[in-house]
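Chain letters run A, B, ... following the sequence lines, proteins first and then strands; every chain starts at 1.
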2 protein chains.
Amino acid sequence: MKKYDSLKLENQLCFPLYAAGKEIVRKYHPVLEKLNITYTQYITLLVLWEQDGLSVKELGKKLYLDSGTLTPLLKALETKGFVKRVRNSRDERLVEVFLTSEGRALREEALSVPLQVGQCVALSKDEAMQLYSLLYKLLGNLTNEGDNSE
Amino acid sequence: MKKYDSLKLENQLCFPLYAAGKEIVRKYHPVLEKLNITYTQYITLLVLWEQDGLSVKELGKKLYLDSGTLTPLLKALETKGFVKRVRNSRDERLVEVFLTSEGRALREEALSVPLQVGQCVALSKDEAMQLYSLLYKLLGNLTNEGDNSE
DNA sequence: TGCAATTAAATTGCGTACAATACGATTGTA
DNA sequence: TACAATCGTATTGTACGCAATTTAATTGCA
């Protein structure tokens, strides 16, 4: 082990994670463009399709995004007519996000998205599952106990 | 398998990849801040520390970054005094990037970076290696249909 | 050879994404 | 009723890719 080995690009775990994340998101662009949404908007809709009416904060927790990112994103989705943002009348600090009928209809068109992008991922089912569980394990300890401030 | 199962967030491979990539890069910020560089600048320096004098294009290939991303980044590194950008005299289309003595000196300070960030990654050595090889495999077939010449 | 057409590399401009910070409004509570 | 906590928004700065542009090198062809 030489002195600078830890600084070789090939010895970084973070780098392929960073690069693969970027590259795969890029694969979504041409596909999602036809639906008139971006990748971040897409994963937001994935959550809403499962559970409508979540608050900005709840969405952020599920998507690992902060409200400063979500606010403009949700406004864009509202402008496109896919969601409505409404303040909760009981607690007016909360903004809840609801799908419109257009937003619900988009779910049908989105059905083909995973197939189209999945063709770029030439991993076996086993490998994909392994990768999936390793990523969630990593994600778990990055966001729970990973505080490295001094 | 229900109709919309493929659109559940939990069934996406891309999402944990995207999220983990973002989160781990975020861990670098406070550490790299002390060196006065960003994460993208850091990985660029990692490459240059191994091999000085690469062109913008060659850097882009190694880092999976577009030249439109690298140009302002390299200018920033130049402003900070870590690199010099010089046009190749034989082929004046090429801009080659060289470390300054400050840039080389920064390598010493960077030695502690992997250690500091590595503490956030609570994977076993085996798991880390598995993740590493799966990511590179994925990265390989994500970028296949682009170009692969060296 | 000599010059046009093509190819290649870097830059510029634009649009989106994301985080950090400060701020304002609301709520719960001491 | 004052005050701290909570939630969303506005602002700012960096990051990133794509498309169009500029400049340089190469190729095709007469």
Distance, rounded to the nearest Å, where B:L94 contributes CG and D:dA25 contributes C1': 10 Å
Sequence neighbours excluded, every pair satisfying salt bridge (Lys or Arg N to Asp or Glu O under 4.0 Å) that has a member inside residues 9-24 of chain A: A:E23-A:R26
Side chain A:T69, main chain A:L65, donor-acceptor under 3.5 Å: no
d(CG, B:L63; P, D:dA15) in whole Å: 13 Å
Value in whole Å for how far the P atom of C:dA10 lies from CG of B:L54: 11 Å
Value in whole Å for how far the P atom of C:dA10 lies from CD of B:E96: 9 Å
B:E108: side chain to side chain donor-acceptor pair (under 3.5 Å) partners, not counting sequence neighbours: A:K3, A:Y4
Heavy-atom donor-acceptor pair, B:R87 side chain to B:V95 backbone, under 3.5 Å: no
Contact under 4.0 Å: A:K22 side-chain N or O vs D:dC16 OP1/OP2: no
So which protein nitrogen or oxygen atoms get under 3.5 Å of nucleotides 2-8 of chain C's nitrogens or oxygens?
| from | atom 1 | to | atom 2 | distance (Å) |
| --- | --- | --- | --- | --- |
| C:dA8 | O4' | B:R93 | NH1 | 3.2 |

Residues within residues 28-53 of chain A bordering DNA chain C, heavy-atom distance below 4.0 Å: A:T38, A:T40
side-chain contact (heavy atoms from CB on, under 4.5 Å) involving B:T38 - partner list, sequence neighbours excluded: B:T40, B:Q41
Residue list, ring pair (Phe, Tyr, Trp, His ring centres under 6.0 Å) with A:F98, at least two apart or on another chain: none
Qualifying residues under side chain to side chain donor-acceptor pair (under 3.5 Å), relative to B:S101, sequence neighbours excluded: none
Value in whole Å for how far the P atom of C:dA25 lies from CZ of A:R87: 11 Å
Listed partners of A:T100 passing side-chain contact (heavy atoms from CB on, under 4.5 Å), at least two apart: A:K84, A:E102
Near-strand residues of residues 64-83 of chain B, defined as heavy-atom separation under 4.0 angstrom from DNA chain C: B:S67, B:G68, B:T71, B:K75
Of all pairs that satisfy salt bridge (Lys or Arg N to Asp or Glu O under 4.0 Å), the ones with a partner from residues 53-70 of chain A, not counting sequence neighbours: none
Partners passing side-chain contact (heavy atoms from CB on, under 4.5 Å) against B:V25 (at least two apart in sequence or in another chain): A:C14, A:Y18, B:H29, B:Y39
Any B:R85 side-chain N or O less than 4.0 Å from OP1/OP2 of C:dT11: yes
Nearest-angstrom distance from the residue atom CG of A:D91 to C1' of C:dG24: 15 Å
A:E92 CD - C:dG24 C1' separation (whole Å): 14 Å
Closest-nucleotide 5' rank along DNA chain D - winner of A:V95 and A:Y18: A:V95
Atom pair distance, as rounded to whole Å: CD in A:E58 and C1' in D:dT6: 13 Å
Qualifying residues under salt bridge (Lys or Arg N to Asp or Glu O under 4.0 Å), relative to B:R85, sequence neighbours excluded: B:E78
